[in-house]
Structures are given as structure tokens and as C-alpha cells.
Amino acid sequence: MAEDELHMQRALVQARRAFEEDEVPVGAVIVYKNKIIAKSYNQVEKLKDPTAHAEMIAITQAASFLKSKWLTDCVMYVTIEPCAMCAGALVLSRIKKLVFGVKDSKTGAFGSKLDMNSFGLNHQIKVKKGVLCDECSAIIKSFFKGKRKIA
């Protein structure tokens, strides 16, 4: 299995944890020198915090681990395309690369709804899309299908 797929599998483990806790199943890991230094999942409901996205929590963990606000040599793997809030935080952290699984047509900020890299900001992020797309898509679809049955 290629490195990107391996790390995305680890992000999917986090997404499943969110699913089990009735959170929107998004998982993220941050890798530095081929070692996972941060892992998280959405915790918006649990923490009653609209900013408690998997990406935001993982950025905080990675910055703490590195004792730096800059994540210049890090790669984030996340199961779904980050929203504008998370994309902004990724730019501010100066993360080197973002790898995501499935596009988010409603809030995706790396090409689906808007493209954070097109604004001419002080930092550009390398982006790789579609890694383990089917698996990442399936968990999101399953979660919302279950929500529609309840409603």
C-alpha cells in the first residue's frame, strides 16, 4: 500500500470513531517525517464547539508536538475536503501538503465550493485529492443516510 493510502486509512480510523460518537465522520492525521504526530476526528457535538473540526484539533496537536505555529514540513490527511475555516487555518499554519479523500460540494475550500489556493495568499498548499475516495465517501453517506431515516 502506498504511503498516502496508508495514512488515509489512519484518518478513516478517526472518522469511524466520530461515526461511533454520532459526530459527522471526518478524521484527520498529520504526518511529520513519516510519523503521525496528530490525529483527530470531528467533536463539534461533544464539545459544543462549531470550530471542533478534525482538522482544527489536529493542527493544534501538531503545533503543540512541534512546539511551533508552523507546520511547514507536515502533511495533513483528511477524509473530506476541508471547509473554509479549516482551509484558512491550514494556510496560517503553513502546512506543506494536504491530502484528502472525497470532495465536499457544499463547503469544500480546495476546489469544490472555493479554492483557497486561488486567492494569492502568502502561502500555497500542495493538494492531492481523491485518495481512498470510495471509502471516505461511503462513511459520510452512511452517516447521513442514517440521519435521514431518523428525521
Side-chain angles (χ1 to χ4, degrees), residues 1-21 23-44 47 49-144:
M1 181 178 286
E3 183 177 343
D4 286 344
E5 285 81 8
L6 179 66
H7 292 308
M8 189 61 74
Q9 284 284 355
R10 293 183 174 132
L12 277 162
V13 168
Q14 294 299 306
R16 288 184 199 100
R17 190 168 173 195
F19 190 99
E20 291 167 6
E21 294 183 20
E23 296 276 357
V24 175
V26 177
V29 297
I30 296 179
V31 175
Y32 173 72
K33 295 185 178 179
N34 208 31
K35 176 184 174 191
I36 292 177
I37 61 168
K39 58 184 179 181
S40 190
Y41 59 95
N42 274 4
Q43 297 177 46
V44 172
L47 299 176
D49 179 355
T51 70
H53 290 196
E55 302 95 322
M56 300 295 282
I57 296 168
I59 289 168
T60 300
Q61 290 174 357
S64 178
F65 178 87
L66 294 173
K67 297 177 178 41
S68 173
K69 63 184 177 180
W70 306 129
L71 305 180
T72 54
D73 293 320
C74 296
V75 179
M76 174 178 278
Y77 295 85
V78 62
T79 55
I80 193 167
E81 182 179 3
C83 69
M85 172 185 69
C86 295
L90 287 166
V91 169
L92 292 173
S93 76
R94 297 190 182 167
I95 201 151
K96 179 180 179 179
K97 184 177 178 183
L98 167 70
V99 179
F100 68 83
V102 65
K103 293 180 180 182
D104 183 348
S105 62
K106 293 184 180 183
T107 65
F110 283 97
S112 292
K113 195 65 170 178
L114 60 97
D115 186 357
M116 189 60 76
N117 278 334
S118 71
F119 294 119
L121 301 173
N122 65 329
H123 179 69
Q124 297 287 299
I125 299 170
K126 294 177 189 169
V127 178
K128 183 174 181 180
K129 307 171 184 184
V131 174
L132 298 184
C133 180
D134 291 343
E135 294 91 330
C136 294
S137 178
I139 193 168
I140 291 283
K141 287 179 180 177
S142 177
F143 178 80
F144 285 109

* **Expected output: side-chain Asn42 to main-chain Pro25 donor-acceptor under 3.5 Å** => no
* Can you spot which of Tyr41, Phe144, Phe143 makes a ring-ring contact (aromatic ring centres under 6.0 Å, His included) with Phe19? => Phe143
* Asked: Are any side-chain N or O atoms of Glu81 and backbone N or O atoms of Gly111, one a donor and one an acceptor, separated by less than 3.5 Å?
  -> yes
* Side chain of Thr72, backbone of Arg94: donor and acceptor closer than 3.5 Å? -> no
* Answer yes or no: is there a donor N or O on one side and an acceptor on the other, between the side chain of Glu55 and the main chain of Ala28, under 3.5 Å? => no
* Would a 4.5 Å heavy-atom cut-off, applied to side chains only, mark Leu132 and Gln9 as touching? -> yes
* Asked: Would you say Lys113 has more than 12 foreign heavy atoms packed within less than 6.0 Å of its NZ?
  -> no
* Structure fact -> All heavy atoms of Cys136 vs all of Thr79, minimum pair found to be CB-O, 3.2 Å
* So do Leu66 and Cys74 actually touch side chain to side chain, heavy atoms under 4.5 Å? -> yes
* **Polar side-chain atom of Lys128 near backbone of Lys97 as donor-acceptor pair, under 3.5 Å** => no
* Decide yes or no on side chain to side chain donor-acceptor pair (under 3.5 Å) for Tyr77 and Asp4, but give the supporting numbers first. => CA-CA 8 Å; Tyr77 295 85; Asp4 286 344; 2.8 Å; yes
* To do: Specify the closest pair of heavy atoms between Phe65 and Ile37, including all atoms of both residues, with the distance to one decimal.
  => CE2-CG2, 3.4 Å
* Side-chain donor or acceptor of Asp104 paired with backbone N/O of Ser112 under 3.5 Å -> no
* Is the closest side-chain heavy-atom distance between Ile140 and Val24 below 4.5 Å? -> yes
* To do: Tell me, with the steps shown, if Ile125 and Met116 meet side chain to side chain contact (heavy atoms under 4.5 Å, CB included).
  => CA-CA 9 Å; Ile125 299 170; Met116 189 60 76; 6.0 Å; no
* Asked: So do His7 and Asn34 actually touch side chain to side chain, heavy atoms under 4.5 Å?
  -> yes
* **For His123, the option from Asn117, Leu92, Val91 that meets side-chain contact (heavy atoms from CB on, under 4.5 Å)** => Val91
